[in-house]
Amino acid sequence: MMETVLAKVAEMQAPAGQAEPQRRRRPRQQSEEVARYFLAKDGSSIDKPELGAEVASEGEALIKAFQSKNGVIYTVLAYKAEAEIQGGSPTLVKRPLRK
């Protein structure tokens, strides 16, 4: 019985010459994003969105939007465009802005 368990463990392990696939990490930039929640301003539309009052959380925004006449919320992610030199050539990147 012990030999059977050892054989199954050996099957699950990668062969000696092969490396296990590396897991890709999410770019740090995505984990730093901070969403902000706003109620739609009266008279706002999909064609011309206007931000009303900011609320602290998504849950609070949903409740207040449901109680309002238009029921719309906006989620805003803010970034700053910056140039970053990689391999001698500039690349534009976005950096999350915090409130």
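Side chains included, hydrogens not; waters and symmetry mates left out as well; all remaining heavy atoms used. What you are looking at is a predicted structure, and each value in this text was computed from that prediction instead of being measured. Note that the numbering runs from 1 along the sequence shown for the chain.
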Undergrad: With rounding to the nearest 0.5 Å, note down the distance linking CD1 in I85 to OG1 in T91.
TA: 7.5 Å
Undergrad: Using 4.0 Å as the upper bound for N to carboxylate O, is an ion pair formed by E33 and R95?
TA: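 Here R95 does not pair with E33 in a salt bridge, since their nearest N and O are not under 4.0 Å apart.
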Undergrad: Can you give me the closest heavy-atom contact between V55 and A61, atom names plus distance?
TA: CG2-CB, 3.3 Å
Undergrad: Using the rule given for side chain to side chain contact (heavy atoms under 4.5 Å, CB included), can you reason through K80 versus K94, listing the C-alpha separation, both sets of side-chain angles and the distance that settles it, and then say yes or no?
TA: CA-CA 6 Å; K80 180 177 182 180; K94 63 181 185 181; over 6 Å; no
Undergrad: Who pairs with E50 by salt bridge (charged side-chain N to carboxylate O under 4.0 Å, His left out), at least two apart in sequence or on another chain?
TA: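 Listed in chain order: nothing, the list is empty.
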Undergrad: How far apart are the C-alpha atoms of K69 and D42, what are their side-chain angles, what is the distance that settles it, and do they pass the side chain to side chain contact (heavy atoms under 4.5 Å, CB included) test?
TA: CA-CA 9 Å; K69 61 182 173 183; D42 286 341; 3.7 Å; yes
Undergrad: Identify the heavy atoms of T75 and A35 that sit nearest to each other, and give their distance.
TA: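 So the minimum-distance heavy-atom pair works out to CG2-CB, 3.9 Å.
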Undergrad: Search all heavy atoms of N70 against all heavy atoms of A40 and return the closest pair with its distance.
TA: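 Shortest heavy-atom separation between N70 and A40 comes out as ND2-CB, 3.5 Å.
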Undergrad: How many angstroms lie between CG in L62 and CD1 in I73, if you round to the nearest 0.5 Å?
TA: 4.5 Å
Undergrad: Atom OH in Y37, atom CD in E54: separation rounded to 0.5 Å?
TA: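 Reported value, rounded in 0.5 Å steps: 10.5 Å.
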Undergrad: F38 and G52: which non-hydrogen atoms are nearest, and at how many Å?
TA: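 Shortest heavy-atom separation between F38 and G52 comes out as CD2-O, 3.6 Å.
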Undergrad: How far does CD of E84 sit from OG of S89, to the nearest 0.5 angstrom?
TA: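 The distance works out to 10.5 Å.
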Undergrad: If you take all heavy atoms of S44 and Y74, which pair is closest and at what distance?
TA: OG-OH, 2.9 Å
Undergrad: Does E58 have any salt bridge (charged side-chain N to carboxylate O under 4.0 Å, His left out) partners at least two apart in sequence or in another chain, and if so, which?
TA: none
